[in-house]
2 protein chains.
Amino acid sequence: MNIMTVIQAGELLRDAGLKRTPQRAAVLDYLARAGTHPTADEVFAAVNRRLPRASRATVYNALRALREAGLIQEVRFDAAVARYEVNLMPHHHFICRVCGGFEDVAAADVQPRVRLKDGYQVEGCELTVRGVCATCGERGQPRRARQRV
Amino acid sequence: MNIMTVIQAGELLRDAGLKRTPQRAAVLDYLARAGTHPTADEVFAAVNRRLPRASRATVYNALRALREAGLIQEVRFDAAVARYEVNLMPHHHFICRVCGGFEDVAAADVQPRVRLKDGYQVEGCELTVRGVCATCGERGQPRRARQRV
DNA sequence: TTATCTGCAAACGCTTTGCATCGGA
DNA sequence: TCCGATGCAAAGCGTTTGCAGATAA
């Protein structure tokens, strides 16, 4: 899913027991269209463009509410800053050692077989794959580090 | 490895091109003995117990130097706070949904098969397994959340 | 001897919170 | 109407940095 209509956003919010405010809808809509892993500040910038009176605190509050409702996911990769993405199909992440860029990896492309001690129940797993992306592999060193998305 | 002698710590530091200071040795020694995933603050508390004049800044500096030297590893799991562990055998992590505790999972118990797009080189991967640990599974709900280690 | 590290304090960046007001249901 | 969300500002927390003095090599 790459497009989330305003109506869909409203339904998702209502189903999650959250009020449908323009700010929350804007956050959800932006994340759904982004296709990247925006930071809270990037979400704020986008939301603020559409709703100039929207504040950082509101965006942070909205991100938390959406996360707790299970509508979006928080990823941290290496850094302290949180990044967000809508909950679509289960997937994993690839981080390029050279340019630092992030990419999604479809869960279908990964088959982790996990054996834990007796009594441990596995409910899911997240894989972070590290390596070098095709672009960086071609030219050896990137002219400049790719923007982390 | 669960024991790191002061001599070993000194060798590791020297091999990494770092000066062997009592503070750094204390950080390394504590992490090697810990068997958990201490936060910077927990490392500071432990180091400060042995070296009462050691400061937080020094511990943070030491943790960064050791990380950049590849002697220790930083893990973040979900949270903003960084946690540290010595670089031993490659391994993954298990996080209990109920008590929030972390545990190591030997890499041998995981066989991730990753297929990426052409040109992508995989250098390694970190798996975070989520579920319920044996203790929490037995008693349904924990009396109190286990300390995250 | 000298580059490096320590310790202190202050700054920094990201995130949360208190509170009065506003607005969706 | 009324509970919950917004917006502002200020605080909180983990971490980094500047700098003078100390120290390992």
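Hydrogens, waters and symmetry mates play no part in the numbers below; they use all other heavy atoms, side chains included. We name chains A, B, ... by the order of the sequence lines, and we start the count at 1 in each one.
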Asker: Which pairs of donor and acceptor atoms, one on a side chain in residues 60-71 of chain A, lie under 3.5 Å apart (sequence neighbours left out)?
Answerer:
from, atom 1, to, atom 2, distance (Å)
N61(A), ND2, A57(A), O, 3.3
R67(A), NE, E74(A), OE1, 3.0

Asker: Taking salt bridge (Lys or Arg N to Asp or Glu O under 4.0 Å) as the test, write out the residues that go with D41(B), two or more places apart.
Answerer: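 For D41(B) the salt bridge (Lys or Arg N to Asp or Glu O under 4.0 Å) partners, ignoring immediate neighbours, are R56(B).
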Asker: Set out, line by line, the N/O atom pairs under 3.5 Å between protein and nucleotides 21-25 of chain C.
Answerer:
from, atom 1, to, atom 2, distance (Å)
dG23(C), N2, K19(A), NZ, 2.9
dA25(C), OP1, R20(A), N, 3.3

Asker: According to side-chain contact (heavy atoms from CB on, under 4.5 Å), who are the partners of A45(B), at least two apart in sequence or on a separate chain?
Answerer: R49(B)
Asker: Taking atom types as modelled and ignoring hydrogens, do the side chains of H37(B) and D104(B) form a donor-acceptor contact shorter than 3.5 angstrom?
Answerer: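 Per modelled atom types, H37(B) and D104(B) side chains form a pair under 3.5 Å.
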Asker: Under the rule for ring pair (Phe, Tyr, Trp, His ring centres under 6.0 Å), what residues qualify as partners of H91(A), not counting sequence neighbours?
Answerer: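 By the ring pair (Phe, Tyr, Trp, His ring centres under 6.0 Å) rule, H91(A) matches H93(A).
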Asker: With R83(B), which residues qualify under side-chain hydrogen bond (donor to acceptor under 3.5 Å, both in side chains), at least two apart?
Answerer: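 With sequence neighbours excluded, R83(B) shows a side-chain hydrogen bond (donor to acceptor under 3.5 Å, both in side chains) to no residue whatsoever.
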Asker: Please list residues of residues 59-69 of chain B whose heavy atoms come under 4.0 Å from any atom in DNA chain D, ordered by number; otherwise none.
Answerer: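 Residues of residues 59-69 of chain B that come under 4.0 Å of DNA chain D are, in numerical order, Y60(B), N61(B), R64(B).
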Asker: Is the centre of the F102(A) ring less than 6.0 Å from the centre of the F77(A) ring?
Answerer: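 They qualify: ring centres under 6.0 Å apart.
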Asker: May I have all residue pairs that pass salt bridge (Lys or Arg N to Asp or Glu O under 4.0 Å) and include part of residues 117-130 of chain B, sequence neighbours excluded?
Answerer: R97(A)-E123(B), E103(A)-K117(B), E126(A)-R130(B), R130(A)-E126(B), D78(B)-R130(B)
Asker: Quick check for you: name the first and last nucleotides of DNA chain D, 5' to 3', having an atom under 4.0 Å from a heavy atom of chain B.
Answerer: dG14(D) to dA25(D)
Asker: Looking at five pairs on each end of the helix from dT1(C)-dA25(D) to dA25(C)-dT1(D), what is the angle between the two axes, given to 10 degrees?
Answerer: 50°
Asker: Please enumerate all residues that pass side-chain contact (heavy atoms from CB on, under 4.5 Å) together with Q23(A), with sequence neighbours excluded.
Answerer: T21(A), L51(A), A54(A), T58(A)
